[in-house]
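Below is one structure, written out as structure tokens; comments come after it.
Everything quoted here is computed from the prediction, not taken from an experiment. A, B, ... follow the sequence lines: proteins, then strands. Residue 1 opens every chain.
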2 protein chains.
Amino acid sequence: MVLPASSPTTREQILTVARARFSDHGFAGTSLNDIADEVGIRRPSLLHHFPSKDALYREVLIDAFADWADLVEQATTGPREGWRQVEQVLRAAFTFFEEHPDFVRLARREALEGGPMLEGELTALLRPLFDRGAAFLQREMDAGRLRTYDTRQLLLTGYGAVLSYFSDAPLIGGLLDDEPMSPASLAVRREHVIDVLRSALEVN
Amino acid sequence: MVLPASSPTTREQILTVARARFSDHGFAGTSLNDIADEVGIRRPSLLHHFPSKDALYREVLIDAFADWADLVEQATTGPREGWRQVEQVLRAAFTFFEEHPDFVRLARREALEGGPMLEGELTALLRPLFDRGAAFLQREMDAGRLRTYDTRQLLLTGYGAVLSYFSDAPLIGGLLDDEPMSPASLAVRREHVIDVLRSALEVN
DNA sequence: TAACGCCTACGGACCGGTAGGTAGAAGTCG
DNA sequence: CGACTTCTACCTACCGGTCCGTAGGCGTTA
């Protein structure tokens, strides 16, 4: 049975709402009633679709990280070299975070928690992406197209500089004068990060 | 009555334990029983010292951020100019985070949450530090001693690059092969961040 | 008829917080 | 000094509420 896009399954609705709630208030701060209420069903009905709160959270997390893996996969294919390729990935990542603010907060919470998911499936999913990124950077550095750094550290630096802006938007809103998630502010942020990293990475 | 340093007040013990618990598991993920048990008293006894869980959390948060404000105050005094002053602050911040991992996680959680504390007292405390940092950078850039960037964005970039490593240590441990919080790993991280930022900031 | 999706009702655990009592230290006063 | 009061820090017992999860029933649809 093919459902039209206009009528998502109850199960899909639960996943959508759960992702939003978990990303806003964390695992402990979200109750199954919160989720069920927003979907428009009772908690036992929700538990008809998912065996437990933990299982629901796991699925939310895996879905979210799979989305991210897809993007990285897609953004890292292409014949570009040196800084141009780095910039393409940065822009793609930035756009992804703009469009998936839930993912950012979810990932940050999980990184902070270091929960049981993290040491296992999640790192198994991220590790290849990380290693691939490091290998690419190493190749470009060896070829003299990028300035030389510790590649893994460099990945961590870029990831921190980009992700923190999104995950800490509430705090940053209090430090800047503008609304940090407005399109204008996001554009400023994007160009700044690219600018700084270009200065640090370009050879000439 | 002057208590010897070896016997902290019950109240102080509660604050110490609470800071650790809240930073590890967040506000919702920590129960007053957890804290009371570790101190070695019952929950009602804990509530004899603090009127509510919220009040305890507020005090933990304010104490932690006051520690941070003290460090920034101290690290930013001095006659240095240009990159040397930036590097001094970076090293001081890095050391502070090494010695206060609780603060990092607490701050990250609060930034993520955007709770009622954040929009108010916390930003009121951080805003002057942030503005002062931006003013310093602007002065140095105008004098030609640092490459020109948007100063506030630059502060956010540095903060994200440094803080993320500490707050996401569990995740990073799964991506790197070393123990991320070991002294050796921390030294590598510190020198890397300084290296990248120097490349981006130095003028010559 | 059988499966499915939802429901009401309930259980057992835990939550933050309150009421009220007790032991002991500290101060007060004849 | 000794008796009495006051205060502090802790306790046990309990409250109403919320948590996740289960049992079992009911209607619709295949």
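The backbone N or O of A/Leu47 lies less than 3.5 Å from no partner atom in the side chain of A/Lys53, so there is not a single donor-acceptor pair. For the pair B/Arg127 (side chain) and A/Leu175 (backbone), a donor-acceptor distance under 3.5 Å is present.
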Across nucleotides 9-28 of chain D, 5' to 3', mark each nucleotide with B, S or - according to how protein heavy atoms within less than 4.0 Å reach it. BSBBB-----SBBB------

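Looking at A/Thr157 and B/His192, their side chains do bring a donor and an acceptor atom within 3.5 Å of each other. Using modelled atom types and a 3.5 Å distance limit, the side chains of B/Ser31 and B/Arg21 yield no donor-acceptor pair.
For an aromatic pair to be called close, the ring centres must be under 6.0 Å apart, and A/Phe103 with A/Phe65 satisfies this.
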